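Report on the following structure.
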There are 2 protein chains.
Amino acid sequence: MSDVLSFRSSDGPGFGHAKPGTEQLRRQNLILVLSALRQSGPLSHTDISAATGLASATVTAVTADLERVGAIERMEQTATGGRGRPRVLFARRRTFAHAAIVQISSDVVQYGLADYCGRLIDRISSRRDLAAGSAENLLQDISFAVARLLQRSKLSAGDLGALSISSKGIIDSHGSRLVWSAVLENRQVDFNQLLNDFPSADLFVSNETLLVAHALAKRSFLPSDGATQSLIALSLGHSIGLGIARMEGGALSVSAPNFGHMLNAPEDKLCRCGSRGCVEASAGFYAILRTAFQVPPMTIPAKFVPLPEMEKLAISARQGNRMAQYAFRQAGLALGQGLSRVLSLNETMPVVLTGLGTRFYDLMTAGMEEGLRQSLHIRLNGLPQITIGEDETELAFDGHLDRTLAAIDQRAAMR
Amino acid sequence: MSDVLSFRSSDGPGFGHAKPGTEQLRRQNLILVLSALRQSGPLSHTDISAATGLASATVTAVTADLERVGAIERMEQTATGGRGRPRVLFARRRTFAHAAIVQISSDVVQYGLADYCGRLIDRISSRRDLAAGSAENLLQDISFAVARLLQRSKLSAGDLGALSISSKGIIDSHGSRLVWSAVLENRQVDFNQLLNDFPSADLFVSNETLLVAHALAKRSFLPSDGATQSLIALSLGHSIGLGIARMEGGALSVSAPNFGHMLNAPEDKLCRCGSRGCVEASAGFYAILRTAFQVPPMTIPAKFVPLPEMEKLAISARQGNRMAQYAFRQAGLALGQGLSRVLSLNETMPVVLTGLGTRFYDLMTAGMEEGLRQSLHIRLNGLPQITIGEDETELAFDGHLDRTLAAIDQRAAMR
DNA sequence: TTGTTTTTCTCGACAGTCGAGAAAATAACT
DNA sequence: AGTTATTTTCTCGACTGTCGAGAAAAACAA
């Protein structure tokens with residue numbers, strides 16, 4: 001129950017795009033219609049009016065505009081069955097623009113190509129040993145793979161409206177740079193160079209869990225409810241990621257705090273980032289193994305932990321092995337303490353767990369609860385609702401799609 | 001360098017006030033003009049045009065509107081000296097509305113009455129033993145004092161456009177309730193009842209440090225710079241408060257996370273909130289004394305600590321007393337660790353210290369730096385810039401004023 | 001009085017939204 | 001086949017609001 005209020009400053013003339021008078025409004029309505037079409041498939045004139053709240057006459061004007069630009073098209077009407085003038089359906093024009101989506105994970109890079117309707121046209125995935133490759137190699141690989149995707153669909157580079165890249169780790173989204181990741185460590189990657197190969201595309205670089213939070217928010221927040229809703233996505237696995245999504249006054253804002261390497265316990269166990277006492281150094285897979293096998297906590301942790309190792313450990317914990325139980329409990333404890341801080345600094349909101357680590361949630365839940373309860377905030381507001389979410393990669397993909405398409409819409413509305 | 005992106009959702013018709021078409025725009029410009037007048041004193045027609053970017057014709061329309069409503073008035077032109085048609089100055093009409101400002105601190109409640117120009121007309125302050133009084137008493141006192149202020153200026157209750165209350169502690173700003181404070185503990189106060197006595201007023205209840213952050217942001221953020229700027233206000237004293245202000249795309253958004261009672265070190269010292277290991281339990285005045293005098297850390301802390309006690313302790317620390325030095329250092333350490341978490345969860349931004357505790361900053365700085373350096377975020381991005389701000393109460397008052405006047409402007413623009 | 005200069009105000013054009021009703025297109029009915 | 005009913009789309013005039021340009025106002029200077 002922290003205390004938040006957004007405030008229109010409205011000082012000075014110039015916040016960037018001080019566009020001539022009433023045209024701002026038109027753009028807003030263009031986007032409104034486009035996003036209604038994106039969310040609810042093909043819609044008729046009347047449907048659009050209902051969905052957007054715009055007057056019928058306005059819908060005519062706006063759709064005509066969008067049709068002229070080529071962003072939407074009229075579909076051949078199906079046999080309606082009812083009587084009366086048959087409705088003509090408007091739909092986004094699939095070939096208006098395309099989006100390439102790149103999901104970088106520790107052992108594989110997945111590429112997807114989607115059309116303007118959000119349909120996945122093609123996909124490639126390439127296993128690679130990231131730890132071995134340099135940053136330049138990674139950029140080259142991405143450029144090559146995206147070019148291949150385009151070529152396979154007989155598209156040219158100019159058809160690419162957006163290129164959206166996600167990874168775990170710390171990202172400077174404004175500068176489109178990957179600042180730190182578990183596998184690449186201090187080798188920073190500046191994705192801006194990709195724009196040389198795809199100059200027509202907008203580039204987005206996002207933290208993966210941010211996208212997960214975005215997708216979860218889109219799925220679960222009712223747009224009707226104007227109140228501020230929010231949620232946390234917490235990704236458990238080799239590393240720990242966290243994303244916060246909140247709806248404030250019609251705008252969904254999402255952020256990816258640096259949770260995994262937030263200080264948890266000073267002078268505590270060594271993390272692979274080189275710091276001590278990170279959340280991840282207690283709750284990441286390598287950390288759980290380290291605790292379970294009583295490896296000295298200052299040992300430099302393994303880069304990769306095969307999942308079967310973790311499964312074995314979990315089985316042995318469930319069969320009563322005290323040390324294994326303790327390791328999972330400690331992981332839960334760190335997560336709970338960290339979450340309590342995030343909730344203190346924001347407000348209490350539901351938490352959705354994703355990632356490989358969710359399968360061990362039963363072993364961590366007690367520790368998590370204990371960690372959470374250690375703060376005043378939780379004592380005042382109670383425990384947050386914690387649920388387990390669906391497939392992480394799929395959620396992240398949805399997040400990619402929603403954000404890139406929205407960005408393309410925005411650009412389309414700019415003329 | 002966390003990863004933040006705000007995103008216009010624009011789905012569905014209804015975000016609350018879906019007002020008829022273009023009138024939204026008019027309101028925006030009304031507010032634009034009003035806030036230009038608030039920020040830059042009386043302005044002529046041309047000045048307004050320059051400051052807001054609106055066309056001269058629009059300024060005529062808007063000012064006519066505002067004049068009709070009574071929000072602004074033309075001032076008698078001074079002897080200009082120059083030649084040409086003399087400029088007529090527009091100014092906010094002082095009597096259009098009034099704002100009462102209530103600042104609750106541990107030992108005194110300060111009341112202020114300001115006019116629509118932001119000028120302080122009158123003030124009262126009333127010492128009181130908050131710990132003794134009940135919540136109902138507090139409400140009655142406030143109601144009485146505000147009524148007295150109005151009466152002394154020969155105003156009626158209907159002239160009160162806004163009532164803004166601040167306190168340290170945890171506040172549910174949406175519900176206008178004080179959820180927890182050091183002095184009132186669990187006696188929650190629901191300020192909404194005050195609206196019975198002042199039905200024409202808008203009620204605002206804010207965390208004090210939030211207002212400080214707001215005021216600091218208004219003072220230091222250049223409105224010209226469109227980039228997202230942000231800062232942290234950290235209030236040091238008997239209790240610890242923190243406010244975050246950030247400018248995103250022309251909108252200033254401010255929040256007051258629950259920092260003082262965020263979990264710092266599990267199972268650590270007892271805090272007066274009843275939890276263990278809060279930041280405040282290491283960094284509040286009572287905590288520093290407790291450490292210095294080696295009182296057992298589980299002792300229930302004193303409610304109040306006279307400032308001279310702290311001064312004495314500081315002198316002895318500066319003269320070399322090890323235990324006193326250690327106490328301040330531990331306070332700094334907790335603050336640094338806590339700050340590192342806040343920065344991890346947001347982005348690196350400047351920190352401004354306020355409050356009585358700033359006079360001991362020299363004794364805490366080493367500990368703070370140590371605490372900050374324990375996290376990956378700081379290692380990547382460097383230490384934040386830390387400065388000492390001006391008088392806390394004055395800053396909070398400025399924050400009050402800016403927010404309430406802006407709110408009144410908003411309401412004025414609604415017809 | 002007549003110009004000069006500076007500021008404010010007015011006018012017509014333009015862009016956009018809205019409500020109402022006309023037009024279109026089909027099924028059902030005779 | 002022709003007519004009516006029904007449903008949907010489109011058109012028209014009114015309204016609100018902004019903008020640029022130039023007219024009007026109000027002072028000083030000659």
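Every chain is numbered from 1 and lettered A, B, ... according to where its sequence line falls, protein lines coming before strand lines. Below, each value reflects all heavy atoms present in this structure, side chains not excepted, and no hydrogens, waters or symmetry copies. What you are looking at is a predicted structure, and each value in this text was computed from that prediction instead of being measured.
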- Query: Would you say B:Asn29 reaches D:dG17's phosphate, i.e. side-chain N/O to OP1/OP2 under 4.0 Å?
  - Reply: no

- Item | A:Arg27 CZ - C:dG16 C1' separation (whole Å) | 13 Å

- Item | Divergence of helical axes at both termini of the helix from C:dT1-D:dA30 to C:dT30-D:dA1 - five pairs an end, 10° steps | 40°

- side chain to side chain contact (heavy atoms under 4.5 Å, CB included) against B:Arg411, all qualifying residues, sequence neighbours excluded: B:Asp202

- Report the nucleotide, chosen from C:dA27, C:dG16, D:dT16, that has the shortest atom-to-atom distance to any side-chain atom of B:Glu23. D:dT16

- Quick one: B:Arg26 CZ to D:dC15 P, roughly how many Å, whole number? 16 Å

- Measure the distance from CD on A:Gln28 to C1' on D:dG17 and round it to the nearest whole Å. 15 Å

- Message: For A:Asp65, give me all partners under side-chain hydrogen bond (donor to acceptor under 3.5 Å, both in side chains), at least two apart in sequence or on another chain.
- Response: A:Arg26, A:Arg68

- Query: Within this structure, what is the CG-to-P distance between B:Leu25 and C:dA15, rounded to whole angstrom?
  - Reply: 15 Å

- Item | Partners meeting side-chain hydrogen bond (donor to acceptor under 3.5 Å, both in side chains) with A:Ser40 (sequence neighbours left out) | none

- All side chain to side chain contact (heavy atoms under 4.5 Å, CB included) counterparts of A:Ser49, not counting sequence neighbours: A:Val59

- Message: Does anything in residues 88-98 of chain A form a salt bridge (Lys or Arg N to Asp or Glu O under 4.0 Å)? List the pairs, not counting sequence neighbours.
- Response: A:Arg92-A:Asp409

- In whole Å, what is the span from the CD1 atom of A:Ile31 to the P atom of C:dG16? 14 Å

- Side-chain donor-acceptor pair under 3.5 Å between A:Thr63 and A:His45, yes or no? no

- Item | Partners passing ring pair (Phe, Tyr, Trp, His ring centres under 6.0 Å) against A:Tyr116 (at least two apart in sequence or in another chain) | A:Phe96

Under 3.5 Å, N/O pairs linking protein and nucleotides 9-13 of chain D:
{"residue": "D:dT9", "atom": "OP1", "partner": "A:His45", "partner atom": "N", "Å": "3.3"}
{"residue": "D:dT9", "atom": "OP1", "partner": "A:Val88", "partner atom": "N", "Å": "3.3"}
{"residue": "D:dT9", "atom": "OP1", "partner": "A:Val88", "partner atom": "O", "Å": "3.4"}
{"residue": "D:dT9", "atom": "OP2", "partner": "A:Thr46", "partner atom": "N", "Å": "2.9"}
{"residue": "D:dT9", "atom": "OP2", "partner": "A:Thr46", "partner atom": "OG1", "Å": "2.5"}
{"residue": "D:dC10", "atom": "OP1", "partner": "A:Arg74", "partner atom": "NH2", "Å": "2.4"}
{"residue": "D:dC10", "atom": "N4", "partner": "A:Ser56", "partner atom": "OG", "Å": "3.0"}

- Please tell me if the side chains of A:Gln410 and A:Leu34 come closer than 4.5 Å, counting only heavy atoms from C-beta onward. no

- Item | Whole-Å distance separating the CD1 atom of A:Ile48 from the P atom of C:dT17 | 14 Å

- Considering residues at least two apart in sequence or located in another chain, which fulfil the side-chain hydrogen bond (donor to acceptor under 3.5 Å, both in side chains) criterion with A:Ser153? none

